Amino acid sequence: MELLLSSPSSTPLFFRPRTTMLIKFPFISISFGNLHSKSSRSLSRLLKISSSSSSAEVMTLEQPGGKMVVELVGAFNELTGRMSNKTVLSSSSSRLLFKALKLSIPVLHILPLLPDGRSPLTKALSVAVILADLQMDAEVISAGILREVIEGGAISMYEVRDRIGTGTAHLLHESMRLKNISSKVEVLDDESASALRKFCLTYYDVRAIILDLVLKLDMMRHLDHLPRYKQQMISLEVMKIYAPLAHAVGTNILSLELEDLSFQYLFPYSYLFVDTWLRSHEAGSKPLIDIYKEQLLQSLRSDQYLTEMVENISVEGRFKSRYSTMKKLLRDGRKPEEVNDILGLRVILLPASGVDTSAIGEKACYRAREIIQSLWKEMPNRSKDYILCPKANGYKSLHMAVDTSDNGRTRPLMEIQIRTAEMDMLAAGGTASHALYKGGLTNPEEAKRLKAIMMAAAELAALRLRDFPSSSHKGLEIDPRNRIFRLLDKNGDGKISIEELMEVMEELGAQGEDAREMMQLLDSNSDGSLSSDEFDLFQKQVELMRNLEDRDVQYKNLLHEKLQIEDSDGMIQYQ
């Protein structure tokens, strides 16, 4: 096949038959034949690099060492990039992830394919990406990467302790103890499930619980290869135990997806009806919630009075889950038009620094409400002012519902919350305590105590991984792209020597001599070492290829939806 690239705003990728695909860039030429490789991250097998922009000769990165370095660089940059969205990544965290990837990648490459058809490396990195998006610390992410290595029997827990660290080994041990926790109950009724969740919350490291929940989510995303009855058994366990447990530890995003996936496998026809009804509230290919989010954010940021009071404005959006919608319609007996929280936005304002940031923040919240009232019609009977009259637990926020119907088309009401960053932080703490209560702890005071223990565990992990970059590695925390360069540049002289490249390849289980081929390909000025600029160009090409693979998966999913039809019996068929 031949791939014709286009910009994101133009026509999507087009394909036409050919045996292989070749993409040429000024400094790189990448060729690969099978887009549907079992290991979607095995970029290195396909990589070809030209030694200069003017050279017509295409040189191939064939040796295992070079392929492993490509995997290492791509995975490290993706994970640290996701982690650094909300956190400052310390050099200790960087080194920990780097060591975990170096240990795991060569082992995962040689393990057999999983029952669902994926490579162990693909699964390990998928789990790590979810953990990074949850802003978990480097110990948890490293444990997520190494879990598949431990499962494959390739290394022991003692080796993890000695080569990676005690914290990561402890989390792996805890997660292995949680592996078959559901077998502790004979009958999976509500009482037994609640008791089991309380047991987990009381006796296990909360970070190991989150790792186990992410592993469950990854499994639920790839259940299609199992027989129907096994899909239902696993989904019932997830619905009864793990989705409420995810809610209990404050990872609501995991809870919602676990519920929806379980709902889909347990009640596929009911799920199809609810999904179809919710999709009827979307506008074309772009969800309504994204349209309203952008519209509101633009209006808030263009208001001069509001921007004078705040340093930052953010808007979060959510579309009601399929499972939650089903409960409203069936359990609560509501009519479709009475389900008024299908769409939801949350405005979070960071007040400008001043003498009384609390008062400024409250004024900013009321100003934001006025702006929203000018955009959509407010439903006064559904509005609540928890700033003027806070809840008993100290919760503060403005709640309002607006009618977004337009052009004669009736749309569901949209709920909007407005709060300061401080109010949001306090709300998260209160919600977490309430979530623990719902997750199995029937005593609210007991839930609060456990919440304090959970926070202390997370703070201890953060403290253990916090440090300052060394004098020879200045800029490690400033330029994210330089992190892995600094880790490869072990003597801190600002360049990667052939000896340093050989060392990392040997650590990856390949021949150190492979480094000479890679050095020849990347060393554009032929000085025998790689500068930060030369290595940066290499990283950009690796990132480009990973983005192409992600884009291919996105288009595959879109085409899967658009090319399926529903027959008269409601079954999904393919033409």
Side-chain angles (χ1 to χ4, degrees), residues 39-42 68-69 71-80 82-83 89-90 92-116 118-181 204-219 222 457-458 461 464-465 483-484 487 504 506-510:
S39 175
S40 63
R41 292 301 183 197
S42 296
M68 294 291 185
V69 171
E71 296 279 8
L72 176 65
V73 170
F76 180 88
N77 284 341
E78 180 169 3
L79 292 174
T80 55
R82 289 172 182 268
M83 290 174 68
L89 190 65
S90 70
S92 291
S93 297
S94 296
R95 284 194 293 271
L96 181 61
L97 279 175
F98 189 63
K99 288 192 296 182
L101 287 167
K102 281 195 300 182
L103 177 60
S104 303
I105 286 175
V107 176
L108 293 171
H109 261 298
I110 62 175
L111 290 177
L113 295 179
L114 301 173
D116 61 16
R118 292 183 297 164
S119 74
L121 179 59
T122 297
K123 178 180 176 179
L125 294 182
S126 296
V127 168
V129 162
I130 300 172
L131 291 167
D133 285 342
L134 289 171
Q135 300 303 303
M136 300 305 295
D137 62 68
E139 282 184 346
V140 184
I141 298 173
S142 296
I145 297 168
L146 288 159
R147 173 63 185 265
E148 202 61 34
V149 179
I150 293 288
E151 290 271 18
I155 62 173
S156 69
M157 205 74 74
Y158 297 105
E159 288 178 275
V160 173
R161 181 196 63 188
D162 296 339
R163 298 178 62 177
I164 305 300
T166 304
T168 301
H170 164 73
L171 284 171
L172 277 170
H173 175 69
E174 287 282 278
S175 71
M176 295 298 287
R177 288 177 61 212
L178 281 162
K179 183 178 178 181
N180 296 314
I181 194 71
Y204 289 88
D205 188 317
V206 65
R207 296 183 302 152
I209 293 174
I210 292 174
L211 171 56
D212 193 58
L213 290 169
V214 169
L215 288 165
K216 285 291 184 295
L217 176 57
D218 178 79
M219 177 183 64
H222 302 88
R464 188 166 57 248
L465 294 171
R483 289 192 186 108
I484 195 165
L487 289 166
V504 74
E506 289 171 352
E507 289 172 333
L508 287 167

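These numbers were taken from a predicted model, which means no experiment stands behind them. Residue indices begin at 1 and follow the sequence shown.
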**Request:** For the residue pair V160 and I150, establish whether any side-chain heavy-atom pair is separated by less than 4.5 Å.
**Result:** yes
**Prompt:** Salt bridge check: are R207 and D137 linked by an N-O gap of less than 4.0 Å?
**Reply:** yes
**Asked** How long is the span from the CG atom in L146 to the CG atom in L172, to the nearest 0.5 Å?
**Response** 6.0 Å
**Message:** I need the minimum non-hydrogen distance between K216 and K179, along with the two atoms involved.
**Reply:** NZ-O, 4.2 Å
**Prompt:** Any side-chain heavy atom of L217 within less than 4.5 Å of one from I130?
**Reply:** yes
**Message:** Please check: side-chain N/O of E148 versus main-chain N/O of I145, any donor-acceptor pairing under 3.5 Å?
**Reply:** no
**I181 side chain reached by Y204 side chain, heavy atoms, under 4.5 Å** = yes
**Request:** Please answer whether the main-chain N or O of S93 pairs with a side-chain N or O of E139 as donor and acceptor at a distance below 3.5 Å.
**Result:** no
**Asked** Do you know which two heavy atoms are closest between M68 and P106, and how far apart they sit?
**Response** CE-CA, 3.8 Å
**Prompt:** Is the closest side-chain heavy-atom distance between L131 and L215 below 4.5 Å?
**Reply:** no
**Message:** Could you measure the distance from the CD1 atom of I110 to the CD1 atom of I105? Nearest 0.5 Å is fine.
**Reply:** 13.0 Å
**Item:** Any S126 side-chain heavy atom under 4.5 Å of H222 side chain
**Value:** no
**Complete:** In short, P120 meets L111 closest at the heavy-atom pair CG-CB, 3.6 Å
**Prompt:** Looking at CE of M176 and CG of L171, how far apart are the two atoms once the value is rounded to the nearest 0.5 Å?
**Reply:** 13.5 Å
**Fill in**
A124 and L108 have their tightest heavy-atom pair at CB-CD1, 3.7 Å
**Prompt:** Does any N or O in the side chain of E174 come within less than 3.5 Å of the main-chain N or O of A208, such that one atom is a donor and the other an acceptor?
**Reply:** no
**Prompt:** Taking all atoms of both residues into account, what is the closest heavy-atom pair of V107 and A154, and its distance?
**Reply:** CG1-CB, 3.0 Å
**Item:** Residue of the set L79, L134, I141 for which side chain to side chain contact (heavy atoms under 4.5 Å, CB included) holds with V129
**Value:** L79
**Message:** Quick check on side chain to side chain contact (heavy atoms under 4.5 Å, CB included): which of L114, L113, L125 does S119 satisfy it with?
**Reply:** L113
**Request:** State whether R147 and D218 are salt-bridged, where the test is any N-O pair (Lys NZ or Arg NE/NH1/NH2 against Asp/Glu carboxylate O) under 4.0 Å.
**Result:** no
**Request:** Please examine the side chains of K123 and E151, heavy atoms only from C-beta on, and report whether any two atoms are closer than 4.5 Å.
**Result:** no
**Prompt:** About how many Å separate CE of M157 and CG of D162, when rounded to the nearest 0.5 Å?
**Reply:** 12.5 Å
**Asked** Which value, rounded to the nearest 0.5 Å, describes the distance between E507 atom CD and K99 atom NZ?
**Response** 10.5 Å
**Message:** Less than 4.5 Å apart, side chain to side chain, heavy atoms only: is that true for F98 and V504?
**Reply:** yes
**Validation row: V140, V214 side chains within 4.5 angstrom (heavy atoms)** = no
**Message:** Return the CZ to OG1 distance between R163 and T168, rounded to the nearest 0.5 Å.
**Reply:** 13.0 Å
**Message:** I'd like to know if the side chain of E78 and the backbone of A75 have a donor-acceptor N/O pair within less than 3.5 Å.
**Reply:** no
